[in-house]
Asks: 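Dropping the structure in here first, questions after.
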Amino acid sequence: MKFLDDDRFLGGIHNYERQLAKLLALLLAIVIGFAVLELVVESSLKIARFQPDWFDGDLIKLLDRLLMIFIALEVLQNVTAYLRDQVVQIELVLLTAMTAVARKVIVLPPGTESKPQLMAGFGVIVVGLAAAYWLVKWARRDQQSA
């Protein structure tokens, strides 16, 4: 029953977590690559066809997809930071969350401004994430100076 020894068992779990993180990072990298390729091809085709309808909602869709790729890249950075340091980088997670909320605000459909609860909710989320990020940075600064 040496396998159930605490150190050996925890080492096995740790190794399993690392392998899963590597697999997820590889899968995410592949998905990001295909998303970028699809975005480039579709945008190139629109430009080549001289389609002047960028402002009928297609521009918002383009921005949405572009921001989704940036968010996926940030998630990939989170996974690789975990693999490198063996800790979750809370600053990266908060920045990813702020980017995701910004994406939702940027691509809000027309007419959303008439929903004050939704707009107030986004405001609360943004302020909360910004405050959390500031607190983490402040705590790290105090920790480094001590």
Asks: Hey, is the main chain of Gln77 close enough, under 3.5 Å, to the side chain of Thr80 for a donor-acceptor pair?
Replies: yes

Asks: Got a sec, which residues hit side-chain hydrogen bond (donor to acceptor under 3.5 Å, both in side chains) with Arg18, two or more places apart in sequence or on another chain?
Replies: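 For Arg18, no residue satisfies side-chain hydrogen bond (donor to acceptor under 3.5 Å, both in side chains) once neighbours in sequence are set aside.
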
Asks: Shared ILVMFWY cluster between Leu66 and Val40, side chains joined below 4.5 angstrom?
Replies: yes

Asks: Return the set of residues passing side chain to side chain contact (heavy atoms under 4.5 Å, CB included) with Leu10 (not counting sequence neighbours), or none when no residue passes.
Replies: none

Asks: Clusters formed by hydrophobic residues whose side-chain heavy atoms approach within less than 4.5 Å: which one holds Leu92, and what are its other members?
Replies: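 None, because no other hydrophobic side chain comes under 4.5 Å of this residue.
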
Asks: Could you walk me through whether Arg140 and Ile90 pass the side chain to side chain contact (heavy atoms under 4.5 Å, CB included) check?
Replies: CA-CA 11 Å; Arg140 290 256 165 103; Ile90 190 66; 4.2 Å; yes

Asks: Are Leu95 and Val126 grouped together when hydrophobic residues (ILVMFWY) are joined by side-chain heavy atoms under 4.5 angstrom apart?
Replies: yes

Asks: Could you work out, with side-chain hydrogen bond (donor to acceptor under 3.5 Å, both in side chains) as the rule, every residue matching Asp7, not counting sequence neighbours?
Replies: none

Asks: Could I get the full list of side chain to side chain contact (heavy atoms under 4.5 Å, CB included) partners for Ala35, not counting sequence neighbours?
Replies: Ile69

Asks: Starting from Met68, can I reach Leu27 by hopping between I/L/V/M/F/W/Y residues whose side chains sit under 4.5 Å apart?
Replies: no

Asks: What residues form a side chain to side chain contact (heavy atoms under 4.5 Å, CB included) with Phe122, not counting sequence neighbours?
Replies: Val101, Lys104, Val105, Leu108, Leu118

Asks: What distance separates Leu76 CG from Ile71 CD1, expressed to the nearest 0.5 Å?
Replies: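 Leu76 atom CG to Ile71 atom CD1 measures 14.0 Å (nearest 0.5 Å).
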
Asks: Tell me the closest heavy-atom pair linking Gln89 and Ala81, and the distance in Å.
Replies: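 Minimum heavy-atom contact is CG-CB, 3.7 Å.
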
Asks: Any side-chain hydrogen bond (donor to acceptor under 3.5 Å, both in side chains) pairs touching residues 122-139, not counting sequence neighbours?
Replies: none

Asks: Give the cluster check for Leu24 versus Leu73: same hydrophobic cluster or not, with ILVMFWY residues linked at side-chain heavy-atom distances below 4.5 Å.
Replies: no

Asks: Output all residues satisfying side chain to side chain contact (heavy atoms under 4.5 Å, CB included) with Ala72, sequence neighbours left out; order by chain, then residue number.
Replies: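 Ala72 satisfies side chain to side chain contact (heavy atoms under 4.5 Å, CB included) with Leu28, Ile32 once adjacent residues are dropped.
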
Asks: Applying salt bridge (Lys or Arg N to Asp or Glu O under 4.0 Å) as the test, list every pair that has at least one member in residues 63-77; sequence neighbours left out.
Replies: Glu38-Arg65, Glu42-Arg65, Asp64-Arg103

Asks: Work out which heavy atom in Val79 is nearest to a heavy atom in Ala25; give both atom names and the distance.
Replies: CG1-CB, 3.7 Å

Asks: Transitive ILVMFWY cluster of Leu23 at side-chain heavy atoms under 4.5 Å: who else is in it?
Replies: none

Asks: Can you pull the salt bridge (Lys or Arg N to Asp or Glu O under 4.0 Å) pairs that have at least one residue in residues 20-29, sequence neighbours excluded?
Replies: none

Asks: I would like to know whether Asn78 and Tyr82 meet side chain to side chain contact (heavy atoms under 4.5 Å, CB included); could you show each step before the answer?
Replies: CA-CA 6 Å; Asn78 291 339; Tyr82 170 76; over 6 Å; no

Asks: Locate the shortest heavy-atom distance separating Leu83 from Ala21; write the atom from each residue and the value.
Replies: CD2-CB, 3.6 Å

Asks: List, by chain and number, the other hydrophobic cluster members for Ile30, where Ile, Leu, Val, Met, Phe, Trp and Tyr join if side-chain heavy atoms come within less than 4.5 Å, directly or indirectly.
Replies: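 Noted: Ile30 shares its cluster with Leu26, Phe34.
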
